[in-house]
Chemist: 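Below is a structure I'd like to ask you about.
Model, not experiment: these values are computed from the prediction.
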There are 2 protein chains.
Amino acid sequence: MRAPRANSREKILAAAADVAREAGPGSLSLEAVASRAGVSKGGLLYNFPTKAKLMQGLVESYLRDFQKALEARTAESGHESALSAYIKLSADDCERPKPSASWIFSAIAEDPDFLTPIKAFKHQLLERLKEETSDLGSLLVCFLAIEGLRSMNLFDSDVLSEDEHKLLVASLLKIAG
Amino acid sequence: MRAPRANSREKILAAAADVAREAGPGSLSLEAVASRAGVSKGGLLYNFPTKAKLMQGLVESYLRDFQKALEARTAESGHESALSAYIKLSADDCERPKPSASWIFSAIAEDPDFLTPIKAFKHQLLERLKEETSDLGSLLVCFLAIEGLRSMNLFDSDVLSEDEHKLLVASLLKIAG
DNA sequence: CTTACTGTACCGGCTGGACGGTCTTGTCAA
DNA sequence: TTGACAAGACCGTCCAGCCGGTACAGTAAG
């Protein structure tokens, strides 16, 4: 078996995310991704036989990374609540000026059902957080506010200043207790 | 001058929103919109000479309606804060099971810059709310939570049950004071 | 009143280009 | 030599935008 030059799959996934971010979600074509990944179209289609499979790969890798990051956070600050860890993780994620997941828009355009696993993931996360908190109202407020933060980052709407961002996070942590 | 059969522009705009919602944002083609609006492709192109112009029309009409609804809310409940009115309006908007604005995804795919006016609108709204509140932290939490609510509705992610939705709104109104 | 002309609103076939996916032809490690 | 894998020319489809029509209201001259 010929060894993959580097890990082609990873490179392609990263390239796809880059293209979507830089050229816009509407310009995410197989050729563009292949060229960006330093791979031919044939090579891309070998790894992902279909555009839909590529999208699926993006979703799965995104969810895997997210889960890993969340577990790492909750583990390293074991005395805190999982909600606090989630808040901090999200705050860090959204501080990066560039939205890292514009490819989601391409996936939705391809087929709205690509959202299903993400939906399921979030639902599961919320359920886990529920088990841990006594005050459901506060939890919901925090959860939705984080969702808002992520949404703004995704839409590249930096409506909040840096100070406001910090104040928000502090307020959320206070509510979370 | 021949009178327009009905207001074609409005019909076309509504049809575009319908198509995006029902067939998915990736299937928003001019032909589909024209057919849905009971208009020929030529007729559509007469009213909106370009797909981009159609998207722009959607954005403008969306923002106009939103502003109107917000003004109506704040006027009819004059003793409350504008933030409370905004919360209630958004809660109502997001109770409708069908996301009303999936066309936004089509617009982003066409050109991410279509978000600019929406961004500006939200920024302006936040500024207006700031002038009215003493506690910036609470305002930010509420504002972002609403953003999260709207985002979930947009992505058709009904992670919250009806009871949770109500609890959330109640909690937000309490925070808003 | 009638005929000729003008501008508006709309129709639908056509085309050029872009894009997803296939196929043939390499290439290199084992 | 063989077989896993890459390359990129090629094909069919879809779609935005163009263009040559059609219908009809108003205007105006005869």
Chemist: For nucleotides 19-23 of chain C, tabulate all protein N/O to nucleotide N/O atom pairs closer than 3.5 Å, reporting atom names and distance.
Modeler:
unit_1	atom_1	unit_2	atom_2	d
dG20(C)	OP1	Lys51(A)	NZ	2.6
dG20(C)	OP2	Leu30(A)	N	2.9
dG20(C)	N7	Lys41(A)	NZ	3.1
dG21(C)	OP2	Lys51(A)	N	2.8
dG21(C)	N7	Lys41(A)	NZ	3.1
dG21(C)	O6	Lys41(A)	NZ	2.3

Chemist: Phe48(B) CZ to dC15(D) C1': how many Å, rounded?
Modeler: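 To the nearest whole Å, that distance equals 19 Å.
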Chemist: Whole angstroms only, please: what is the CG-P distance between Leu44(B) and dA16(D)?
Modeler: 10 Å
Chemist: Scan the side chains in residues 141-149 of chain B for donor-acceptor partners under 3.5 Å anywhere in the protein, sequence neighbours excluded, and list what turns up.
Modeler:
unit_1	atom_1	unit_2	atom_2	d
Glu147(B)	OE2	Lys122(B)	NZ	2.5

Chemist: Which pairs, with at least one residue in residues 145-171 of chain B and sequence neighbours excluded, count as a ring pair (Phe, Tyr, Trp, His ring centres under 6.0 Å)?
Modeler: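 Passing the test, one end in residues 145-171 of chain B: Phe105(B)-Phe155(B).
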Chemist: dC5(D), OP1 or OP2 - any side-chain N/O from Tyr46(A) closer than 4.0 Å?
Modeler: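 Looking at the OP1 and OP2 atoms of dC5(D), one of them is under 4.0 Å from a side-chain N or O of Tyr46(A).
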Chemist: More than 12 heavy atoms of other residues, nucleotides or ligands under 6.0 Å from NZ of Lys130(B): is that the case?
Modeler: yes
Chemist: I'd like to check the salt bridge (charged side-chain N to carboxylate O under 4.0 Å, His left out) partners of Glu110(B); sequence neighbours left out, ordered by chain and number.
Modeler: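 Partners of Glu110(B) by the salt bridge (charged side-chain N to carboxylate O under 4.0 Å, His left out) criterion come out as none, since no residue qualifies.
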Chemist: Sequence neighbours excluded and cut-off under 3.5 Å, please list the side-chain donor-acceptor pairs for residues 40-50 of chain A, or say none.
Modeler:
unit_1	atom_1	unit_2	atom_2	d
Ser40(A)	OG	Gly42(A)	N	3.3
Ser40(A)	OG	Gly43(A)	N	3.1
Lys41(A)	NZ	Glu31(A)	OE2	3.3
Asn47(A)	ND2	Gly43(A)	O	2.9

Chemist: Taking only N and O in the side chain of Asn47(B), is any of them less than 4.0 Å away from OP1 or OP2 of dC10(C)?
Modeler: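 Yes, such a contact exists.
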Chemist: Tabulate below the donor-acceptor pairs under 3.5 Å that side-chain atoms of residues 65-75 of chain B make, not counting sequence neighbours, or state none.
Modeler:
unit_1	atom_1	unit_2	atom_2	d
Arg73(B)	NH2	Asp92(B)	OD2	2.3
Thr74(B)	OG1	Leu70(B)	O	2.6
Thr74(B)	OG1	Glu71(B)	O	3.0

